[in-house]
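Here is how names work: the chains are called A, B, and so on, in the same order as the sequence lines, proteins then strands, and each is numbered from 1. Note that the structure is predicted; figures quoted are calculated from it, not measured.
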Amino acid sequence: MRVSQLFTKTLKDAPADEVAKNAQLLIRAGFVYKEMAGVYAYLPLGIRVIENIKQIVREEMNSINSNELIMTGLQRREVWEKTGRWSDDVVDVWFKTRLKDDTELGMGWSHEEPIVEMLKQYVKSYKDLPISLYQFQTKLRNELRAKSGIMRGREFVMKDMYSFHTSAEELQAYYDQVIEAYKRVYDRLGIGEDTYVTFASGGAFTKFSHEFQTITDAGEDIIYLHRGKNIAINEEVIDDAIKELGISRDELEKVKTAETGNIFNFGSQKAEEMGLDFVSADDKQHPVFMGSYGIGITRAMGVIAEKFSDEKGLVWPVNIAPYKVYLVSIGNVTEQATELYEKLQASGVTVLFDDRDERPGAKFADAELIGLPYRITISERLIEQGKLEFTYRNSGETELLTLDELLAKIS
RNA sequence: CGGGGUGUGGCGCAGCUGAUAGCGCGCUCGGUUUGGGACCGAGAGGUCGAAGGUUUGAGUCCUUUCACCCCGACCA
């Protein structure tokens with residue numbers, strides 16, 4: 001992509017109404033546009049980050065035999081009434097609307113009930129199980145207060161996965177597999193080291209659920225960490241958890257985190273409430289066991305923007321950067337720069353080519369704000385030496401390399 | 001939802017005790033520049049969030065309302 005063709009432009013000043021670092025940087029660099037409080041559009045650079053995150057999640061969910069689908073944004077009232085969760089007193093984030101004939105509809109804030117309802121048509125026998133399904137969906141939640149930029153919006157993208165099993169044991173085994181898959185996701189996103197599987201308040205079925213909490217000052221949660229034992233506990237269940245786990249409070253370190261994932265074991269409760277049964281080998285009806293697993297895609301992007309940034313701008317991890325290379329041409333080297341741009345792309349390297357007629361300083365500043373992992377500079381002076389300047393965004397370290405040396409490093 | 005704050009060209013801001021709106025960035029045109037956000041010159045762009053009121057006169061005062069931000073509460 002050529003910068004001259006990108007419709008967004010960088011801003012020197014962040015809008016005054018944004019305080020969250022992630023939103024300030026993402027807006028300034030042209031990744032997102034704020035439509036209203038808690039509602040952001042994802043621009044060309046932003047959507048490439050989203051897609052990269054989604055692809056990592058997709059690969060890991062596929063690796064545990066989950067099937068991707070996409071459910072509906074509009075939902076039926078009666079489906080939610082079966083579990084009592086249509087009520088605004090029970091679920092306070094509903095957006096609701098009506099058809100022209102006055103039929104009441106809900107706008108999907110979760111898809112747990114609808115997927116159970118859907119599966120009633122497909123699950124009849126133990127032979128149909130287990131099943132795991134996931135989707136990337138825009139969730140709509142009427143949050144009382146949106147905040148923290150893209151980390152807590154009223155409209156956001158979430159990967160939600162649901163698994164269905166014949167027994168509690170089978171569900172638990174899958175649940176454990178999901179934990180491992182999630183760890184791989186966070187590792188690949190570059191936040192694995194700071195992301196902890198955390199004991200949190202459970203549902204009706206289990207004492208605790210698990211959250212994936214990522215350490216960041218921009219977070220809203222407090223967790224207690226035992227680094228030695230690799231145990232993390234959400235503040236909301238600290239007293240219970242300490243008793244259960246037999247540890248003392250003063251062994252624990254208090255840290256601020258953002259919840260980047262959450263998994264629930266529903267047991268058979270949801271299926272019982274909604275009538276999702278299967279027939280076992282001995283011809284008896286049983287409720288299906290169910291788990292629910294979420295990863296906030298846009299929230300993960302916000303957390304990464306918060307964690308990987310400095311006073312100059314964003315610093316994307318290689319795996320999710322919108323492009324790998326920011327190519328800066330200095331002076332009258334259009335021909336050589338274009339040739340390099342094409343060679344890099346032919347080698348499978350994604351490139352944002354700053355072909356504008358701007359001064360070097362402006363290009364460097366934008367390169368740093370946008371935060372691609374590598375910057376390659378080409379100029380008359382460098383061409384004479386037969387070298388290219390190669391700069392790492394994270395360390396700022398620069399080296400002079402030939403094209404072959406450079407390609408060896410990044411492709 | 002409780003408390004606090006802010007709304008003035010695309011963005012950041014100024015506008016004192018009321019007198020027909022200004023600066024920086026960005027944008028357009030011309031010229032000079034070209035390794036760290038260039039410079040000179042000439043321009044375009046605003047019903048001052050909205051509605052109502054007070055006044056000869058309102059960005060400025062009053063009332064209502066909307067939006068946005070922060071703290072709190074909330075967050076299967």
Side-chain angles (χ1 to χ4, degrees), chain A residues 7-20 23-24 27-30 33-39 80 83-94 108-113 116 139 141-149 151-154 156 158 160 162 200-206 209 211 219-221 234-236 258-259 262-266 269-270 273 290-294 296 299 311-313 328-334 354 356-370 375-385 388-389 391 396 398 400:
Chain A
F7 89 88
T8 52
K9 260 189 275 252
T10 57
L11 296 172
K12 283 184 184 165
D13 300 304
D17 68 1
E18 285 288 3
V19 171
Q24 285 192 346
I27 290 171
R28 282 184 57 209
Y33 166 80
K34 182 183 200 164
E35 176 66 30
M36 65 182 95
V39 180
W80 287 92
T83 57
R85 295 211 291 173
W86 179 256
S87 163
D88 291 324
D89 297 330
V90 177
V91 173
D92 65 358
V93 295
W94 271 119
W109 63 276
S110 160
H111 289 72
E112 285 166 357
E113 273 75 347
V116 172
K139 306 290 185 190
R141 294 189 184 178
N142 199 350
E143 296 280 357
L144 224 43
R145 180 183 166 207
K147 59 186 233 181
S148 307
M151 290 174 59
R152 187 175 180 188
R154 298 198 166 93
F156 57 94
M158 183 170 167
D160 46 323
Y162 308 96
S201 56
F205 184 74
T206 47
S209 69
E211 292 172 342
E220 301 178 24
D221 291 331
N234 194 307
E235 187 176 44
E236 66 192 16
E259 181 188 336
N262 199 340
I263 61 180
F264 284 89
N265 180 328
F266 283 122
Q269 186 200 352
K270 190 76 74 182
E273 288 172 342
M290 176 181 180
S292 168
Y293 321 87
R299 175 176 286 183
E311 61 297 334
K312 290 175 176 171
V328 173
S329 69
I330 295 178
N332 193 15
V333 294
T334 309
D354 197 340
R356 297 172 301 170
D357 183 21
E358 285 288 344
R359 296 171 67 90
K363 293 188 181 188
F364 291 150
D366 280 347
E368 281 149 358
L369 177 59
I370 290 170
R375 186 181 81 203
I376 298 175
T377 306
I378 181 169
S379 69
E380 286 167 8
R381 189 202 295 171
L382 289 158
I383 289 167
E384 279 171 28
Q385 300 174 52
L388 295 164
E389 186 182 279
T391 306
T398 287
L400 295 184

Quiz item: Base, backbone or nothing for each nucleotide of nucleotides 25-36 of chain B, written B, S, -, heavy atoms under 4.0 angstrom, 5' to 3'?
Solution: SS------BSBB
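Minimum atom distance to the side chain of Met158(A) is reached by A76(B), of the listed A76(B), C13(B), C74(B).
Remark: the backbone N or O of Ser329(A) is paired with a side-chain donor or acceptor of Lys363(A) at under 3.5 angstrom. Listed for the Glu389(A) side chain is no donor-acceptor partner under 3.5 Å among the backbone atoms of Thr398(A). Side-chain N or O atoms of Arg299(A) include one that pairs as donor or acceptor with a backbone N or O of Met151(A) at under 3.5 Å.
Both distances falling under 3.5 Å, in either a Watson-Crick or a G-U wobble arrangement, place U28(B) opposite A42(B). Of the nucleotides present, none pairs with G36(B) by Watson-Crick or G-U wobble criteria with both distances under 3.5 Å. A 3.5 Å limit on both hydrogen-bonding distances identifies C71(B) as the Watson-Crick or G-U partner of G2(B). Within the shown strands, G53(B) is the pairing partner of C61(B) under the Watson-Crick or G-U definition, both distances less than 3.5 Å. Pairing partner, G9(B): none, since no Watson-Crick or wobble contact has both distances short of 3.5 Å.
The shortest distance between the side-chain N/O atoms of Arg145(A) and the OP1/OP2 oxygens of G2(B) is not below 4.0 Å. Applying the 4.0 Å criterion to OP1 and OP2 of C74(B), one finds that Arg141(A) has every side-chain N and O outside that range.
Classification of the Trp94(A)-Trp109(A) ring pair by plane angle, with boundaries at 30° and 60°, yields perpendicular.
Within 4.0 Å of Val19(A), counting heavy atoms only, lie sugar-phosphate atoms of the nucleic acid but no base atom. No engagement by Asn332(A) is indicated, since no non-hydrogen atom pair under 4.0 Å with the nucleic acid exists. When heavy atoms are screened at a 4.0 angstrom cut-off, Ser292(A) is found touching no nucleic acid atom at all.
If you take atom C1' in C61(B) and the same atom in C1(B), they sit 31 Å apart, rounded to whole Å. To the nearest whole angstrom, the two P atoms, one in U34(B) and one in C39(B), are 14 Å apart. Across the C1' atoms, G46(B) and C11(B) are found 14 Å apart, a figure rounded to whole Å. Here the separation of U8(B) from A50(B), taken at their C1' atoms, is 14 Å to the nearest Å. Spacing between G5(B) and G45(B) at atom C1', rounded to whole Å, works out to 30 Å. Only the C1' atoms considered, G41(B) is 44 Å distant from A51(B), to the nearest whole Å. Between the P atoms of G22(B) and C29(B), the separation comes to 25 Å (whole Å). Rounded to whole Å, the separation between the P atoms of A19(B) and C66(B) comes to 30 Å.
If you take CD of Gln269(A) and P of A76(B), they are 15 Å apart, rounded to a whole angstrom. Rounded to whole Å, atom P of G37(B) lies 16 Å from atom CD of Glu311(A). Following rounding to the nearest Å, Glu220(A) (CD) and C74(B) (C1') show an atom-to-atom distance of 10 Å. Atom pair Asn265(A):CG and A76(B):P shows a separation of 17 Å (rounding to whole Å applied). Atom CG of Asn142(A) and atom P of A76(B) are 15 Å apart (whole Å). Distance, Leu11(A) CG to G24(B) C1': 14 Å, rounded to whole Å. Atom NZ in Lys147(A) sits roughly 13 Å away from atom P in C75(B) (whole-Å rounding). As a whole-Å value, the separation of Ile27(A) CD1 from C69(B) P is 10 Å.
Donor-acceptor pairing under 3.5 Å, judged by distance alone, is present between the side chain of Asp366(A) and the base of G37(B).
Looking at heavy atoms from C-beta onward, Glu113(A) lies in side-chain contact with Lys270(A) at the 4.5 angstrom threshold. Looking only at side-chain heavy atoms (C-beta outward), Lys139(A) and Asp160(A) come within less than 4.5 Å of each other.
Cation-pi geometry between Arg375(A) and Phe364(A) is met: under 6.0 angstrom from the ring centre, within 45 degrees of the axis.
Glu273(A) and Thr83(A) are not linked by any side-chain donor-acceptor pair at a separation below 3.5 angstrom, with hydrogens and angles left out of the test.
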